[in-house]
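Taking it in order: structure first as structure tokens, then the write-up.
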Amino acid sequence: MRVAVIGANGQLGTDVVAALAEAGHEVVELTHDRVRIEEEASVQAVLAESRAEAVVNCAAFHDVPRCETEADRAFAVNAIGALNVARAAERLGARCVYFSTDYVFDGRKAAPYTEEDSPRPLNVYGGSKLAGEHLTLAFCERALVVRISGIYGRVPSRVKGENFVSKILSLAAERPRLAVVTDERLAPTPTREIALRLPLLLEQGATGILHLACEGDCSWFEFAREILEISGLETPLDPTTVEAFGSSVRRPEYSVLDSSRLVSLGVVRMPHWRPALRSFLQNAPRRAPSGASLP
Ligand SMILES: NC(=O)c1ccc[n+]([C@@H]2O[C@H](COP(=O)([O-])OP(=O)(O)OC[C@H]3O[C@@H](n4cnc5c(N)ncnc54)[C@H](OP(=O)(O)O)[C@@H]3O)[C@@H](O)[C@H]2O)c1
């Protein structure tokens, strides 16, 4: 299949490009200098030229605090951008994949969220991504919305310049101790685990909404503790709360995704977040803090 990947050099896009190529697909890599998804003409021209049979939209404006103050930009990229990509894909008769987020939920549920649960975003980022989901599904007949959570990859997020794993490792090298929140729970997921499942989903023609996150769940504090332990770092970790941390943005306290629909589609189950993290840290080249022995 000929697949165009938008945001091809991003954290997720890099692994998506690699996984599609490894599965034998022809990949058209589209970076920001080639297409601005909020501009309809730009999207139409580039995708028409690509002659893609599937379009994977990994582009986003996902700096959560900045989305609060730059709502126009958040909706331009995450919602209107999604609409433009979906329409252009539909015009080509192509499939369209839109990556969304656990932040479409309000976090009040005490069990993992399924695809049937009603979204209720708490912040502008989540609202703009939910709008992008609706527009993608409405304007492309063969659309798949993939909700993911707490992602980390070999290439850190381009919008943020880091991911939680790289941030904890670099802070552990700089500071005598770290404080991490205990009152937000999620299922952190390596981008490679998401990307590896995409080729089969495309080949099978999966449509609708799909949750794709690692099994199990943890707080950011537990996630940080595991990162330090696996890396052989002894930097002390202090538990804190979102309130004490002084975050300006409301986020769901609990945004664990139930990924069992994946198995019903015949795709291999997601790993538990702990072995997935271990495998990532043991295989990924990373900055080694001075004096630390890395496994
Ligand atoms: N990070 C998380 O924990 C998380 C959690 C749940 C869901 N997600 C979702 O996962 C997806 C991928 O995130 P990521 O971490 O891989 O992001 P990323 O590393 O920041 O990559 C985003 C890519 O999109 C490109 N891009 C940004 N704005 C664009 C625009 N207007 N037009 C065209 N291209 C544009 C960027 O190019 P430039 O850098 O050159 O601008 C970059 O290549 C997003 O949909 C995000 O909402 C992320």
Side-chain angles (χ1 to χ4, degrees), residues 4-19 29-43 45-47 55-67 70 72-85 88 96-105 113 119 121 123-133 135-136 144-167 184 186-195 198 209-214 220 223 251-252 255-257 259 273:
V5 179
I6 303 177
N9 59 348
Q11 176 169 237
L12 177 63
T14 304
D15 279 332
V16 163
V17 167
E29 297 180 41
L30 298 173
T31 48
H32 206 167
D33 54 347
R34 293 217 33 219
V35 63
R36 289 168 56 85
I37 59 170
E38 62 274 46
E39 293 172 4
E40 188 182 0
S42 156
V43 177
V46 167
L47 288 183
V55 181
V56 181
N57 180 6
C58 300
F61 180 50
H62 60 90
D63 181 319
V64 177
R66 280 182 65 197
C67 285
E70 299 175 48
D72 287 1
R73 180 172 169 197
F75 275 84
V77 177
N78 299 335
I80 301 300
L83 167 68
N84 292 336
V85 173
C96 181
V97 178
Y98 176 75
F99 281 99
S100 188
T101 171
D102 51 335
Y103 277 21
V104 297
F105 294 114
Y113 282 96
N123 53 46
V124 171
Y125 168 65
S128 68
K129 294 294 290 188
L130 181 59
E133 290 187 0
L135 291 165
T136 302
L144 176 67
V145 166
V146 182
R147 292 193 186 128
I148 56 181
S149 160
I151 61 171
Y152 56 94
R154 285 165 201 271
V155 172
S157 154
R158 282 176 64 89
V159 169
K160 299 173 190 164
E162 62 192 11
N163 56 42
F164 189 76
V165 176
S166 63
K167 187 173 182 178
E184 276 177 10
L186 72 156
T189 306
T191 45
R192 173 86 178 154
E193 294 291 345
I194 298 163
L198 189 63
I209 300 175
L210 182 71
H211 290 177
L212 242 183
C214 278
W220 290 108
F223 187 24
R251 297 166 198 257
S255 61
V256 180
L257 300 177
S259 300
W273 70 269

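Start at 1 with the first residue, then count along the sequence. Keep in mind that the numbers below use all heavy atoms, side chains included, and drop hydrogens, waters and symmetry copies. Start at 1 and go down the list; that is how both ligands and their atoms are numbered.
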Can you find an N/O atom of [X] closer than 3.5 Å to an N/O atom of ligand 1?
X    : value
S149 : no
G13  : no
I151 : yes
I37  : yes
K129 : yes
Y125 : yes

State the atoms of ligand 1, each with its element, that fall below the 4.0 Å cut-off from a heavy-atom position in [X].
X    : value
S100 : 7 (C)
A60  : 24 (O), 27 (C), 28 (N), 44 (C), 45 (O), 46 (C), 47 (O)
C58  : 12 (C), 22 (C)
H62  : 1 (N), 13 (O), 14 (P), 15 (O), 17 (O), 18 (P), 20 (O), 47 (O)
G7   : 23 (C), 24 (O), 43 (O)
K160 : 1 (N)
V159 : 20 (O)
R36  : 32 (N)

Specify the protein heavy atom at minimum distance from [atom]: its residue, its atom name, and the distance to 0.1 Å.
atom                    : answer
atom 16 (O) of ligand 1 : L12 N, 2.8 Å
atom 33 (C) of ligand 1 : V35 O, 3.1 Å
atom 21 (O) of ligand 1 : G10 CA, 3.4 Å
atom 24 (O) of ligand 1 : A59 CA, 3.2 Å
atom 15 (O) of ligand 1 : Q11 NE2, 2.9 Å
atom 5 (C) of ligand 1  : G150 N, 3.9 Å
atom 43 (O) of ligand 1 : N9 OD1, 2.7 Å
atom 10 (O) of ligand 1 : I148 CD1, 3.4 Å

Taking the side chain as C-beta and beyond, is there a heavy-atom pair between [X] and [Y] under 4.5 Å?
X    : Y    : answer
H62  : K160 : yes
C67  : F61  : yes
L30  : L47  : yes
N78  : Y98  : yes
F105 : S255 : no
R251 : N123 : yes

Taking every non-hydrogen atom, the tightest pair across I37 and A59: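 Scanning both residues completely, I find the closest heavy atoms to be CD1-CB, 3.9 Å.
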
Please give me the minimum heavy-atom distance between V146 and L212, naming the atom from each residue.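 Heavy-atom minimum between the residues: CG1-CD1, 3.5 Å.
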
Identify whether the distance between the nearest side-chain nitrogen and carboxylate oxygen of R147 and E133 falls below 4.0 Å.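 Salt bridge present between R147 and E133.
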
Nearest non-hydrogen atom to atom 18 (P) of ligand 1 belongs to which of R158, R34, H32, E38?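 The residue whose heavy atom sits nearest atom 18 (P) of ligand 1 is R158.
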
If only atom types and distance count, is the side chain of D15 paired as donor or acceptor with the main-chain N or O of I194 below 3.5 Å?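 Checked: no pair found.
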
I would like to know whether T136 and V85 meet side chain to side chain contact (heavy atoms under 4.5 Å, CB included); could you show each step before the answer? CA-CA 8 Å; T136 302; V85 173; over 6 Å; no

Please lay out, stage by stage, how V5 and E29 fare under the test side chain to side chain contact (heavy atoms under 4.5 Å, CB included). CA-CA 5 Å; V5 179; E29 297 180 41; 5.7 Å; no

Can you classify the ring geometry of W273 versus F223 as parallel (below 30°), tilted (30 to 60°) or perpendicular (above 60°)?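 Answer is perpendicular, since the angle exceeds 60°.
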
Heavy-atom count check: over 12 atoms from other residues, nucleotides or ligands less than 6.0 Å from D72 CG?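 At most 12 heavy atoms, drawn from other residues, nucleotides or ligands, come within 6.0 Å of this atom.
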
